[in-house]
Each structure stands twice: as C-alpha cells, then as structure tokens.
Amino acid sequence: MTVTNFLIDFFIASVFILIGQLLRSKVGFIQRFFMPSAMVAGLLALAVRYTGILPFSKGIGSYPGTLIILIFAAIGLQGFTIRKNDMKKEVARLGSYFCYKTLAQAIQFSLPVIFSILVISQLFPDINYAFGLLLASGFSGGHGTAAAVGSALAQMGFEDAKDIGMTCATVGLLAGIFGGLIYTKIAARRGYTAYIKDFSYISGDLKTGLISKENRQSMGDETISSTTLDTLAFHLSLLLTCSGAGWFIMDFIYKSTGLDLPSYLFAFLLGVGLFLILKRTPAYDYIDNRVISRISCTATDYLVFFGIASIKIPVVIEYAVPLLMLLIVGMIIVTYMLWVVGPQMNNESWFERSLFVYGYSTGVFAIGFVLLRIVDPDNKSKTLNDTAIVGSLNTPFEMFAWSFGPIMLMQGQHWLFAGLYLALTIACFVVCKACGWWWGGTDKHRPGLGTGETEQAVALEASGTNK
C-alpha cells in the first residue's frame, strides 16, 4: 500500500461523506431517523463497492483498526474529573445511575457470551467462543471498538471477527436511532416523558445537521501562535505521539513475551499518563479538550465510513443465522434495560436517563446524546452531568473487556470472562437493593428533575408535610 493509495481511499471517503451530509440535509426519511452522515456514506459506498467501479485499495479494511488507536489516545488525553462534593450531595442519584450504566455494559459482556457458548456454538460447532463478545463490541462499543476488538481477534485466528463486529455495530446504530425514536413516541404518548409532551416538533439543527448561525459554538481556542506552530498541529502531534508510542509498546511486549495486547490499550494509558503529568504543569493550559474532541470525532466519522464500506458481505451471509440469533438477544437485552430495569434504577427523569443509556448501549455516545436532546433539550435531568462524573468509574470495566476479553475468550478462559461480568451484573442489582436505590417500576409517571413537581415534593419533604 502506497501513499497514493491512502490519498485515493480518503478522497473517495470524503466525497461519499459530503454526499451523505447533503442527503441528511435534504432527505426527509434520513432526517426523521437522524442517520449520521458518515453512516449514510458508508452504506452507499458498501452498495457501490461491489460493482467494482470504486478504486479502493485492498487496505481499506485496516483503516478502522488504525483510527481507533488515535481515538483511544484522545479519550485518555482528555482525562477525567470526579466532583466529590456533588457525589456526596446527590449520592443516591449518582450511585443508582452508576450501577445502571455499569449494568448496561456488564450484561452485554456476559449474557451474549454465555448464549453464544451454550446455544450458538452447539448449533454451529465451527463458531468461535469469542463470537458473543462481538455483539457488545458493536452495540456498546460502536464501530471503533468493533474495529479494535475485531482486529485483535483476527490476529489471534478469528479472521472474520472484524466484519461480524462491524455488522453488529451497524445494526446497533440503526437500532439505536430507529428504536430510540419509536420508544420515545411510545413514552410521550403514555406520559412517561418529563419535559416534552409532543414529539412532533424537532429543531431544524437536529434534523438537517446544519447548525444555524445563532447556535454555532467555537471548536476551540487558538492556544499556540500560528507563527510557531498551528494549534491543530500541536494537538494532533500529542495524539499521534501517544498512538505511535502505544503501538511500539504493544509490538515490544508481543516480541518479548508473545502476549498480544491491543495497541489502543497502550495509546489510552499513555494518553491518561500524559494528562496526569501535564495537569500538574503550566503546559496543560495550552491543551484545549474541544480541539482534541474535534480531532477524535473527525477520526470517528472516517472510521464509521471505512468500517461500514469495508464490510465483507459474503462473511455476513455466511454467519447470517447465528448472527441474527445474536442480534435478537442483543435487542432483547437493551429493550429490557430501558423499559424494565430503567424505571427501577432511575427515579426522577427515569425515561430520559434510560433512553440516553439505551442510545449509548446500541451505538455511540452521539446517538444517546441526540435522543436525549429530543426528550430533554435543556439537560434538566442532569444526565450529561452525571455521565461525566461516573464515566471514569465505568471505564475500567469497559477497558478490561476490550483489552483482555479477546485473549481470555480465545485462550480457553471463556467461562472465567463470562463469570466475572455475570458477577458484576448481579452485584449491580444487589448494591442498588442494599442502598435503597431501587424505586420500583409499577408507576412510571414520575416528575422529572428540575420540574415544578419535583421542587414542590422536595419543599414538602423539607417542611415535614410530605409523609
């Protein structure tokens, strides 16, 4: 593969992404279901690619696995913040949300894997035990994680893993968008939504993806003088340093010990390490997380495109029956988490908070964010605030699954892996019950945070009249 191949591949991707954005801004069907432009572009390219008229290189399938290294480096470099004071004041809301968000991941890491081992592998003996993890990598992780986990499994002998993971991610994204909107309409009609009563109005910015002048925000500050170094180049160099160093560490460990750990793990850890070091120095004042986020999101858009466009349709057809079985299990899990567990583990604004986790658990953060914007445009439910606080606490469970899951499942430790996350699943239920964070799901008509009903209830309780 040459530099020219790289240029041509990204030229084709860019043209399709522009077409995807044009269709998003004009086509009502795409607008109604909030299909991301990169996803539309990838589906178009996948349809056209098998005609043979697109001069893609043979290496387009390797881009997702490389881009994810940069994305994980960005996640690490953006660091984390835990607001201890807020956690003490509102421990019940944060604690239950932490358990709910952790449960949404743990149940995907355990049940599909167990189902794959006990059912799918019995019906289809050639199916790898790691097959079940690909559902979570696509649903909970999205295209980026599916590329990373799929690439790691492919290196260990499961050659079709990446295509299966990408298919799961694409189906998950569609399920997040279509399912999320359908469920929102049902909830609004039944009176479960706290901040909207009519689903008919959705802002033009959300529909078209084109931000009007009065709603535009800055992509970041210029922290480095352009006479010495462009600000974008400065931030990109930090991310590429973590990414490249992560790959070299992975390569060194593999050659020294034979242990095949994913390079994105080391890119993430180096990003966190660099964040912790720079945070203590004046240099951190020149890092703008908004710029890092824009670089990461750009890489994600191209990753989504290449991830979908490079799917090998013959592989999907070959695994069609077991894959369909796995996807049905996945949809049952995320639907159960939204409608049954959601009102149990979330008190006020239960639907808004559960819907965000549903979107996050079927696709990416952006899908959860879009769905939340529809039902809670002003973030009165504090879902985003709480996600920022508990997000860093969820990360170790997630990173362990993505980093060590492929190894454990491919090396005969499948029951240990499934058992660990099944235990975590049970622990989430037990902790919520023990701490009194279990509100029951019989009455789903509850006031939302920040509404007059909630404030009145708090005032009554404080005065001692609400008993």
Side-chain angles (χ1 to χ4, degrees), residues 98-142 145-146 148-158 160-162 164-165 167-169 171-172 259-262 264-265 319 321-337 340-341 345 357 360-362 393-433:
F98 165 73
C99 289
Y100 181 65
K101 196 166 180 291
T102 301
L103 175 62
Q105 294 178 326
I107 200 169
Q108 280 199 36
F109 295 146
S110 57
L111 294 189
V113 172
I114 294 172
F115 178 76
S116 177
I117 295 171
L118 294 180
V119 179
I120 294 180
S121 63
Q122 300 302 314
L123 297 174
F124 305 92
D126 294 333
I127 293 290
N128 194 290
Y129 280 165
F131 186 75
L133 182 63
L134 293 172
L135 176 80
S137 74
F139 269 39
S140 183
T145 305
V149 174
S151 297
L153 290 171
Q155 291 176 0
M156 291 182 238
F158 190 2
D160 298 327
K162 189 170 69 174
I164 297 170
T167 303
C168 288
V171 173
L259 187 60
D260 193 7
L261 295 172
Y264 62 83
L265 168 63
Y319 288 90
V321 176
L323 184 57
L324 180 61
M325 294 170 64
L326 189 66
L327 290 170
I328 290 173
V329 169
M331 286 307 305
I332 292 173
I333 288 173
V334 294
T335 303
Y336 174 81
M337 285 296 301
V340 179
V341 182
M345 285 190 172
V357 174
Y360 187 89
S361 300
T362 52
L393 304 177
N394 293 124
T395 299
F397 303 121
E398 198 173 0
M399 289 303 300
F400 182 88
W402 304 145
S403 303
F404 295 99
I407 299 172
M408 296 175 71
L409 291 168
M410 292 293 288
Q411 294 184 355
Q413 296 177 307
H414 43 278
W415 283 121
L416 176 60
F417 176 82
L420 287 173
Y421 281 98
L422 185 60
L424 181 60
T425 298
I426 296 170
C428 290
F429 284 109
V430 172
V431 169
C432 278
K433 286 277 191 178

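Keep in mind it's a predicted model, so treat the numbers as computed, not measured. FYI, side chains are in, hydrogens and waters are out, and symmetry mates aren't considered; it's all heavy atoms of this structure.
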- For the atom pair CD (Gln413) and CG (Leu420), what is the distance rounded to the nearest 0.5 Å? 9.5 Å
- Message: Just so I know, are the side chains of Leu422 and Leu111 near enough to count as touching, which here means a heavy-atom distance under 4.5 Å?
- Response: yes
- Item | Met345 to Cys432 - nearest heavy-atom pair and separation | CE-SG, 3.8 Å
- Query: Which pair of heavy atoms, one from Ser361 and one from Ala104, lies closest together, and at what distance?
  - Reply: OG-CB, 3.7 Å
- Message: Would you say that Leu323 contacts Ile164 through its side chain, given a criterion of any heavy-atom pair below 4.5 Å between the two side chains?
- Response: yes
- Side chain of Tyr421, backbone of Ala401: donor and acceptor closer than 3.5 Å? yes
- With Phe397, which residues qualify under ring pair (Phe, Tyr, Trp, His ring centres under 6.0 Å), at least two apart? none
- Task: Would you check, one step at a time, whether the test side-chain contact (heavy atoms from CB on, under 4.5 Å) holds for Thr102 with Leu424?
- Result: CA-CA 8 Å; Thr102 301; Leu424 181 60; 3.9 Å; yes
- Task: Evaluate side-chain contact (heavy atoms from CB on, under 4.5 Å) for Asn394 paired with Gln105, printing each intermediate quantity in order.
- Result: CA-CA 9 Å; Asn394 293 124; Gln105 294 178 326; 4.0 Å; yes
- Item | Asp160 side, atom CG; Leu153 side, atom CG - distance, nearest 0.5 Å | 11.0 Å
- Note on the structure: Heavy-atom closest pair (Pro406 atom, Met156 atom, distance to 0.1 Å) is CB-CE, 3.7 Å
Show me, pair by pair, the donor-acceptor contacts under 3.5 angstrom made by side chains of residues 114-139, not counting sequence neighbours?
from: Ser121; atom 1: OG; to: Ser116; atom 2: O; distance (Å): 3.2
from: Ser121; atom 1: OG; to: Ile117; atom 2: O; distance (Å): 2.3
from: Asn128; atom 1: OD1; to: Ala130; atom 2: N; distance (Å): 2.8
from: Ser137; atom 1: OG; to: Leu134; atom 2: O; distance (Å): 2.8

- Message: Is the shortest side-chain heavy-atom distance between Met331 and Leu327 below 4.5 Å?
- Response: no
- Message: What's the separation between atom NZ in Lys101 and atom CD in Glu398, rounded to the nearest 0.5 Å?
- Response: 6.5 Å
- Task: To the nearest 0.5 Å, tell me how far Ser110 OG sits from Phe417 CZ.
- Result: 8.5 Å
- Message: How long is the straight-line distance from CG of Leu103 back to CD of Gln108, given to the nearest 0.5 Å?
- Response: 10.5 Å
- Task: Measure the CZ-SG distance between Phe98 and Cys428 for me, rounded to the nearest 0.5 Å.
- Result: 7.0 Å
